[in-house]
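Reviewing the structure listed below.
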2 protein chains.
Amino acid sequence: MNIGAAARASGVSAKMIRHYEQIGLLPAPARRTSGYRDYDTADLHRLRFVRRARDLGFPLDRIADLLRLWSDRDRSNADVKAIALAHLADLDRQVRLLHEMADVLRALADACDGDGRPHCPIIAGLDGDVLAPGHCHEAGSATSSPPRPGAPSGILR
Amino acid sequence: MNIGAAARASGVSAKMIRHYEQIGLLPAPARRTSGYRDYDTADLHRLRFVRRARDLGFPLDRIADLLRLWSDRDRSNADVKAIALAHLADLDRQVRLLHEMADVLRALADACDGDGRPHCPIIAGLDGDVLAPGHCHEAGSATSSPPRPGAPSGILR
DNA sequence: GTTGACCTTCCCATGATGGGAAGGTGCACA
DNA sequence: TGTGCACCTTCCCATCATGGGAAGGTCAAC
């Protein structure tokens with residue numbers, strides 16, 4: 001089948017299929033005389049594997065590892081589990097981080113009347129102005145320990 | 001003070017400070033005859049604002065909005081709150097998404113003995129092989145509805 | 001033959017945070 | 001005064017995954 005059909009059948013966009021082929025994640029499929037790519041069932045199977053792994057947030061280089069293990073009949077499930085657990089730790093870390101951010105922000109937003117006046121605990125919080133009136137103590141202390149978005153390591157893009 | 005000192009005092013790296021200036025997020029500071037940037041207390045105050053906003057995961061274009069509101073003495077706190085709440089909704093969405101991924105992956109990993117043998121429910125789950133023996137039903141159904149990492153919209157990178 | 005959907009490759013963009021190269025400046029110390 | 005090293009400048013590229021779009025070719029229904 002052509003790339004568009006493969007994309008629809010796998011949930012991986014044509015653009016991404018080409019990209020994955022280009023970076024070596026996927027083998028190049030057969031080509032028709034027209035130059036069009038021709039995907040067979042094994043290709044499709046592989047694409048679906050990639051789709052599912054992406055859906056779980058695995059980065060591409062980990063997916064490459066998983067694909068290798070998938071096709072290795074002598075694989076050790078311990079290797080697979082190690083990859084999965086490392087990624088799981090990542091996911092949990094991100095959840096924690098985002099949760100902390102959300103909590104801080106929620107407290108600031110809750111402290112804001114949103115009545116159209118200039119005074120705003122959110123702004124005060126970002127200002128680092130712990131002497132702001134009203135819910136100043138909560139807002140101030142909340143922004144003193146927010147988590148920090150790190151270097152490119154996010155699961156979602 | 002020089003950019004290095006400003007970076008240390010604000011927590012925003014020198015690279016990022018230059019970048020933020022380049023993209024117009026921050027005004028260009030004064031320059032010494034050497035060509036070195038010279039940051040004053042207002043600059044530093046602004047950098048700290050940006051640091052805190054970044055720590056809460058606000059994207060730069062939202063931070064630009066917040067900076068504008070911060071310096072507008074006639075701002076409406078409703079505008080600030082709207083930005084905060086939109087971002088909060090984003091954070092909550094991401095948490096939910098990552099949480100679902102983590103749950104699916106945890107179930108798969110828990111189902112794997114990790115004893116070094118080739119059989120692996122994680123691989124089976126990614127394979128979409130719902131007929132895998134053992135914890136096949138749980139693993140299979142789990143991977144049938146995992147969330148999908150989307151287009152670049154992640155808070156963390 | 002025509003048309004429109006699909007295909008190809010290529011180049012660029014996103015968002016935030018860098019690394020590193022090449023070359024200049026400042027200052028403490030000998 | 002000279003030296004050496006930390007710091008500074010600008011510029012270009014990279015990361016990660018997912019695109020958009022341009023230019024040009026192919027296919028199949030009508």
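Each chain gets a letter, A, B and so on, in the order the sequences are listed, and its residues count up from 1.
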Exercise. Picking from C/dA16, D/dG19, D/dT10, which would you name as closest to the side chain of B/Arg31?
Worked result: D/dT10
Problem set entry | Phosphate contact (D/dT18 OP1 or OP2) by A/Arg54 side-chain N/O below 4.0 Å | yes
Problem set entry | Nearest listed nucleotide, side chain of A/Pro59, among D/dA17, D/dC8, C/dG18 | D/dA17
Exercise. Within this structure, what is the CG-to-C1' distance between B/Asn2 and D/dC7, rounded to whole angstrom?
Worked result: 8 Å
Exercise. Should the pair B/Phe49 and B/Trp70 be assigned to parallel (<30°), tilted (30 to 60°) or perpendicular (>60°) ring geometry?
Worked result: parallel
For this session: Check every atom of D/dT18, C/dG18, C/dT9 against the side chain of B/Met16 and return the nucleotide holding the closest atom.
Result: C/dG18
Problem set entry | Side chain B/Tyr36 and base D/dC7 donor-acceptor under 3.5 Å | yes
Exercise. Expressed in angstrom and rounded to an integer, what is the separation of A/His19 atom NE2 from C/dT14 atom C1'?
Worked result: 14 Å
For this session: Give the nucleotide from the list D/dC8, D/dG19, D/dT18 with an atom nearest to the side chain of B/Ile3.
Result: D/dC8
Problem set entry | Option passing side chain to side chain contact (heavy atoms under 4.5 Å, CB included) with A/Tyr20 (candidates A/Met16, A/Arg18, A/Gln22) | A/Met16
For this session: Taking only the side-chain heavy atoms of A/Lys15 (C-beta and beyond), determine which of C/dG20, D/dG20, D/dT9 contains the nearest atom.
Result: D/dG20
Problem set entry | Spacing between B/Arg18 atom CZ and D/dC12 atom C1', to the nearest angstrom | 14 Å
